[in-house]
Amino acid sequence: MHRKMFFITGVVVALVAALTVGLTVARSQEGTALSALTPVELLAKVAQEAPKTTAVSGDIAWTNDLLGAAALQMPAGDAGLASLMQGGSGRFWYQEGKLRFESQGSGGDTVAVLNGTTVWVYSSGSGTATEYTLPARPTGGTDSEASNSTDTTEDAGVAATGDVTAALDLPRKIQDLVDSLAPRATLSVATAEVAGRASYVLTMTPTAPNTIVGSAQVAFDGKTFLPLRVQVFAKGDAQPVLEAGFTKVSYAKVSADTFEFTPPADAKVEHSTLAMPAGMLGVGGDGSSDGGGAASPGESAKHAELTLDEAAVRAGFALAVPSDVALPFQGAAVIDTSTLGGFMMSAFSGSAMGGTAVEAPAPAGGAGISGVTAPAGVTVPDAPLVILRYGAGFGTVVVIETQIDDALWAQMTTALTQVPMLGAPSAFGGHQAYELGTRLGSLVAWRQGDVVVLMGGSVSQADLEAFASSIHE
């Protein structure tokens with residue numbers, strides 16, 4: 001499959017396609033000379049045309065007002081990170097699988113360079129340059145990537161699928177996806193000038209009445225159909241809470257030496273190897289198919305959701321269940337805690353974006369996904385994790401529960417008290433609770449008996465607290 005520029009377009013296209021629905025088309029704004037497109041037509045253009053661009057560079061900027069002043073409550077040693085969390089600017093280059101990113105902030109400059117099998121990351125604030133060796137690609141794959149090196153721009157759209165029929169069928173598939181997600185949000189398309197380019201702006205507006213997310217907008221270049229800017233708005237706000245994108249863009253060929261990096265003479269140089277869990281790739285460590293143990297993402301997605309009774313039986317402990325019927329129960333999943341990769345996959349698929357929670361079966365012999373271990377200093381609970389989903393669309397509230405002992409809860413509370421954004425624990429229904437409220441969502445965590453409960457969603461802190469207060473043992 002033709003994958004030039006895939007890392008730029010793929011995530012954004014998947015995000016927009018997974019979160020957006022509807023068929024509303026806004027009138028084109030003045031100042032652009034682009035023909036009107038429906039959301040389906042625009043998404044099809046993005047999928048077909050964006051991969052044809054092999055190089056992009058330009059000035060970028062981003063802002064983050066998700067946590068407000070709380071983002072500054074970082075340890076002194078992380079001043080650069082705190083600065084980048086709130087916003088920044090820099091330069092970006094990409095060409096045929098190679099990437100360079102440079103940012104400027106009050107805590108110092110950062111440079112990241114991806115060139116082949118290595119990534120260099122340099123921070124002027126710490127004076128450290130780290131070279132990361134990337135994991136080798138699994139053997140036995142397809143030859144599509146090698147063949148892509150000879151693809152021409154003119155036939156790249158067809159080569160991306162290798163099947164003319166599939167390419168022609170793309171709009172229908174996108175239409176089906178949009179129709180299937182219609183209850184959760186609406187789509188509209190307008191035009192505007194972004195980064196000096198006439199662009200299409202795709203706006204997604206959630207329909208859930210209890211969500212505090214107002215809308216998400218993605219601007220696509222009207223000629224190349226590459227994403228130029230992403231914005232997320234809180235309900236009722238005219239200014240975005242999150243924004244990132246180009247302020248100036250070019251599609252000219254990038255010089256090869258842009259992707260070379262030599263650490264400054266006075267930098268402390270470190271080397272590290274990044275390991276990719278073999279199970280997460282769906283293959284064994286030797287590149288062979290992973291025939292046993294945990295299910296692959298594709299296989300796990302086929303498992304049906306569980307009822308509350310089924311989840312309680314599989315969990316082996318009494319669940320803390322909300323009694324508030326204002327948010328209807330959607331479904332449950334039970335995740336074996338030794339399968340951390342499976343838990344992460346299920347957490348995403350069962351998110352507030354309307355995905356389907358899945359059950360990741362316990363691996364044969366009790367082993368976790370090959371190559372996956374808990375981070376240093378983190379104890380994994382022996383009991384499984386239970387994921388319950390209530391509500392609908394962007395108004396979904398996710399409840400994650402597991403059974404832990406006193407020692408592990410003490411370890412968790414020690415870690416939680418070191419997160420400045422959470423603040424001091426508060427009394428909540430007779431329990432010690434940790435809460436985080438942002439402009440786009442809220443979290444609350446507490447221990448009830450021997451069960452720890454983490455609840456979160458794109459709802460207000462007051463609404464989340466009200467729902468959490470309805471939980472009973």
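The structure presented is a predicted model; accordingly, all values stated were derived computationally and were not measured. Note that these values count all heavy atoms, side chains included, but never hydrogens, waters or copies made by symmetry. All residue numbers in this chain count up from 1 along the given sequence.
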Exercise: identify the closest heavy-atom pair between [X] and [Y]:
X: Val201; Y: Ala192; result: CG2-CB, 4.0 Å
X: Pro384; Y: Val334; result: CB-CG1, 3.8 Å
X: Val218; Y: Pro227; result: CG1-CB, 4.3 Å
X: Gly456; Y: Leu443; result: CA-CD2, 3.6 Å
X: Phe394; Y: Arg184; result: CD1-O, 4.3 Å
X: Thr203; Y: Ser215; result: CG2-CB, 4.0 Å

So, using salt bridge (Lys or Arg N to Asp or Glu O under 4.0 Å) as the criterion, who are the partners of [X] when residues are at least two apart?
X: Asp59; value: Arg91
X: Asp237; value: Arg439
X: Asp406; value: Arg447

Contact between [X] and [Y] at the side-chain level, heavy atoms closer than 4.5 Å - yes or no?
X: Gln231; Y: Phe233; answer: yes
X: Arg314; Y: Leu306; answer: yes
X: Thr207; Y: Pro183; answer: no
X: Val399; Y: Val453; answer: yes
X: Trp62; Y: Asn64; answer: no
X: Val321; Y: Leu308; answer: yes
X: Thr110; Y: Tyr122; answer: no
X: Phe92; Y: Leu99; answer: yes

Checklist line | Evaluation steps, side chain to side chain contact (heavy atoms under 4.5 Å, CB included), between Leu42 and Val40 | finding: CA-CA 5 Å; Leu42 175 57; Val40 171; over 6 Å; no
Does any N or O in the side chain of [X] come within less than 3.5 Å of the main-chain N or O of [Y], such that one atom is a donor and the other an acceptor?
X: Ser124; Y: Gly127; value: no
X: Ser89; Y: Ile60; value: no
X: Glu401; Y: Ala320; value: yes
X: Ser470; Y: Phe467; value: yes
X: Glu310; Y: Thr307; value: yes
X: Glu465; Y: Ala462; value: no

Starting at [atom1] of [X], measure out to [atom2] of [Y] and round the result to the nearest 0.5 Å.
X: Met455; Y: Ile400; atom1: CE; atom2: CD1; value: 10.5 Å
X: Thr117; Y: Tyr132; atom1: OG1; atom2: OH; value: 15.5 Å
X: Thr396; Y: Arg389; atom1: OG1; atom2: CZ; value: 6.5 Å
X: Thr438; Y: Ile212; atom1: OG1; atom2: CD1; value: 5.5 Å
X: Leu464; Y: Leu327; atom1: CG; atom2: CG; value: 9.5 Å
X: Thr133; Y: His271; atom1: OG1; atom2: NE2; value: 8.5 Å

Note to self: Quick one, Glu270 with Thr128, criterion side chain to side chain contact (heavy atoms under 4.5 Å, CB included). Give me CA distance, side-chain angles, the key distance, then yes/no.
What the structure shows: CA-CA 7 Å; Glu270 299 177 345; Thr128 302; 3.9 Å; yes
Note to self: Apply side-chain hydrogen bond (donor to acceptor under 3.5 Å, both in side chains) to residues Gln448 and Trp446 and explain how you reach the verdict.
What the structure shows: CA-CA 7 Å; Gln448 186 163 308; Trp446 73 96; 3.1 Å; yes
Next item on the list: Check the pair Glu435, Ser442 against side-chain hydrogen bond (donor to acceptor under 3.5 Å, both in side chains), reporting the backbone distance first and the verdict last.
Entry: CA-CA 8 Å; Glu435 297 186 67; Ser442 307; over 6 Å; no
Check: Side chains of Glu131 and Ser272: is there a donor and an acceptor less than 3.5 Å apart?
Finding: no
Item checked: Lys45 NZ: over 12 foreign heavy atoms closer than 6.0 Å ->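 Counting neighbours around NZ of Lys45, 12 or fewer heavy atoms of other residues, nucleotides or ligands fall under 6.0 Å, so no.
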Checklist line | Sole residue of Val46, Leu228, Val194 in side chain to side chain contact (heavy atoms under 4.5 Å, CB included) with Phe220 | finding: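 Testing Phe220 for a side chain to side chain contact (heavy atoms under 4.5 Å, CB included) against Val46, Leu228, Val194 leaves exactly one candidate, Val46.
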Note to self: Between Lys173 and Gln175, does the side chain to side chain contact (heavy atoms under 4.5 Å, CB included) criterion hold? Intermediate values first, please.
What the structure shows: CA-CA 5 Å; Lys173 292 181 177 179; Gln175 178 72 69; over 6 Å; no
Note to self: So, using side chain to side chain contact (heavy atoms under 4.5 Å, CB included) as the criterion, who are the partners of Glu102 when residues are at least two apart?
What the structure shows: Trp93, Arg100, Gln104, Val111
Notebook entry, point to check: For Ala445, what residues pass the side chain to side chain contact (heavy atoms under 4.5 Å, CB included) criterion, not counting sequence neighbours?
Noted result: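 Ala445: side chain to side chain contact (heavy atoms under 4.5 Å, CB included) contacts with Leu454.
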Next item on the list: Decide yes or no on side chain to side chain contact (heavy atoms under 4.5 Å, CB included) for Leu440 and Leu242, but give the supporting numbers first.
Entry: CA-CA 10 Å; Leu440 295 177; Leu242 303 173; 3.9 Å; yes
Note to self: Holding to ring-ring contact (aromatic ring centres under 6.0 Å, His included), I want the full list of residues that pass it with Phe329, two or more places apart in sequence or in another chain.
What the structure shows: Tyr390
